[in-house]
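Each remark here refers to the structure printed beneath this line.
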Amino acid sequence: MEKTRVLEIETMSINKQILLELYDRLFEAFGPRRWWPAESRFEVIVGAILTQNTAWRNVEKSIAQLKAKNVLSPESIYNMPVKELAALIRPAGYYNIKAERLKSFMRFLYNGYGGNLNRLLGTEMASLRKELLTVKGVGPETADSIILYAAEQPSFVVDTYTNRILYRHHLIPDDASYDIIRDFFMDRLPQNTALYNEYHALLVYTGKTFCSKTKPKCLQCPLQGLNQ
DNA sequence: CTCCAGGATA
DNA sequence: TATCCCGGAG
């Protein structure tokens, strides 16, 4: 066997251990995050679209308004005028674009799956991901959030925090793409929905609390010293 | 002022 | 690659 190949395998093995240690440190420090906070799988999907580049607390206001009007359902949103929908989700920001995105998702759901959410979410993971990525307004992070937290299938969710934390611990290069980072986890961790669920939630909590873009609190971070 | 469970467009 | 979308909290 070539020497470079041997080194690749050793690096892979070391990084596996680091990813497990990373998880263990965070879980030990913070415990289970109980994601995704939603009452239904449909609510997860709506939340996943509304939370794009938006603080969750603002999404909660929008979800609450949809519930108050009793329109948090595929058929209601499918049939609702887009302007009316935009007004209801206003607190989430980007409300015109997000209203269009919710509508486009519902058209996708009705056109391809007869409005049957179970049928969509029951699709095998790789196919489901490709399908979701055809929806205008659903990018890789939103697709993986839907797969992991609504369909409960093991697709690792990557976000800005994931990127930053791995980069700061020298596990990925500065310019690593979404799919490279996703594969970095999925090639080294067991394909386990509960693990991916908790892992992403812990990374987000850590990113917010310690690994902020400016003024990170490295000295107090549970990941201090990980991978040198 | 910056930042936030991003994605589309030119 | 840069710009736009946008309210709300710190």
Side-chain angles (χ1 to χ4, degrees), chain A residues 23 26 30 32-66 82-108 129-168 173-182 185 193 195-217:
Chain A
Y23 178 84
L26 296 184
F30 308 129
R33 298 288 84 204
R34 306 173 195 289
W35 271 31
W36 186 290
E39 292 179 359
S40 69
R41 301 200 288 177
F42 183 69
E43 187 177 325
V44 172
I45 294 171
V46 172
I49 291 172
L50 292 182
T51 199
Q52 293 168 352
N53 198 35
T54 299
W56 180 251
R57 67 163 53 74
N58 296 333
V59 175
E60 290 181 312
K61 298 175 197 285
S62 299
I63 301 264
Q65 302 214 74
L66 293 171
V82 68
K83 286 199 68 174
E84 185 180 333
L85 180 57
L88 287 173
I89 64 171
R90 187 181 166 88
Y94 308 106
Y95 50 86
N96 287 317
I97 286 180
K98 287 175 180 176
E100 290 291 352
R101 290 178 180 179
L102 288 172
K103 296 289 281 187
S104 73
F105 182 88
M106 300 315 149
R107 285 194 294 273
F108 158 78
R129 190 166 195 268
K130 282 183 185 173
E131 280 283 280
L132 289 170
L133 289 174
T134 66
V135 182
K136 188 177 294 186
V138 176
E141 182 180 346
T142 305
D144 288 328
S145 295
I146 291 171
I147 297 169
L148 184 59
Y149 294 105
E152 299 184 81
Q153 298 193 56
S155 193
F156 201 94
V157 179
V158 175
D159 70 340
T160 307
Y161 296 129
T162 311
N163 195 326
R164 189 183 301 149
I165 292 170
L166 262 58
Y167 171 64
R168 286 181 173 170
D174 184 21
D175 58 352
S177 69
Y178 184 98
D179 286 325
I180 291 290
I181 301 174
R182 176 171 178 268
F185 283 96
T193 301
L195 174 64
Y196 291 3
N197 176 321
E198 199 58 52
Y199 210 134
H200 175 64
L202 286 166
L203 286 173
V204 171
Y205 184 78
T206 306
K208 280 190 211 212
T209 313
F210 298 100
C211 206
S212 45
K213 185 173 184 182
T214 59
K215 298 185 179 178
K217 301 175 181 173

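Chain letters run A, B, ... following the sequence lines, proteins first and then strands; every chain starts at 1.
Here A:K61 does not reach the OP1 or OP2 of C:dC6: none of its side-chain N or O atoms lies under 4.0 Å away. For the OP1/OP2 pair of B:dC4 and a distance below 4.0 Å, the side-chain nitrogens and oxygens of A:N58 include no atom meeting the criterion. Note on A:Y94: every side-chain N or O is 4.0 Å or more away from OP1 and OP2 of B:dG7.
Nucleotides B:dC4 and C:dT1 are separated by 22 Å at their C1' atoms, to the nearest Å. Across B:dT9 and C:dC6, the matching P atoms stand 14 Å from one another, rounded to whole Å.
Look at CG on A:L50: it is 15 Å from C1' on C:dG8, rounded to the nearest Å. A:I49 places its CD1 atom 10 Å from the P atom of B:dG7, with the value rounded to the nearest Å. As a whole-Å value, the separation of A:R164 CZ from B:dC4 C1' is 10 Å. Spacing between atom CD of A:E141 and atom P of B:dA8 amounts to 12 Å, rounded to whole angstrom units. Distance A:D159 CG to B:dG6 P: 6 Å, rounded to the nearest Å. Between the NZ atom of A:K98 and the C1' atom of C:dG8 there is a distance of 12 Å, given to the nearest Å. A:E100 has its CD atom 14 Å from the C1' atom of B:dG7, to the nearest Å. Look at NZ on A:K213: it is 17 Å from C1' on C:dG10, rounded to the nearest Å.
A:T214 comes within 4.0 angstrom of the backbone, heavy atoms only, and of no base. A:V157 comes within contact range of no nucleotide atom at all, as no heavy-atom separation falls under 4.0 Å. Backbone-only engagement by A:T142 is indicated by non-hydrogen atom pairs under 4.0 Å involving sugar-phosphate atoms exclusively. As judged by a 4.0 angstrom heavy-atom cut-off over every strand, A:V135 is placed among residues touching the sugar-phosphate backbone only. At a threshold of 4.0 angstrom between heavy atoms, the contacts of A:G139 are confined to the sugar-phosphate backbone, with no base atom among them.
Ring centroids of A:Y196 and A:Y199 are separated by 6.0 Å or more, keeping the two rings apart.
Between A:H200 and the choices A:W35, A:Y205, A:F156, the ring-ring contact (aromatic ring centres under 6.0 Å, His included) rule is met once, by A:W35.
At least one donor-acceptor pair closer than 3.5 Å links the side chain of A:T54 to the backbone N or O of A:A92. No donor-acceptor distance shorter than 3.5 angstrom exists from the side chain of A:K61 to the backbone of A:P91, with no hydrogens or angles considered.
Side chains of A:S212 and A:R164: no donor on one and acceptor on the other come within 3.5 Å.
Checking A:S145 against A:V138, the closest nucleotide of DNA chain B that is more toward the 5' end is the one next to A:S145. Across the interface with DNA chain C, nearest-nucleotide mapping of A:R57 and A:N53 shows A:N53 to be the residue nearer the 5′ end. Heavy-atom nearest nucleotides on DNA chain B were determined for A:W56 and for A:L133, and the one closer to the 5' end corresponds to A:W56.
Between A:K208 and A:D159 no salt bridge is recorded (no basic side-chain N to carboxylate O distance below 4.0 Å).
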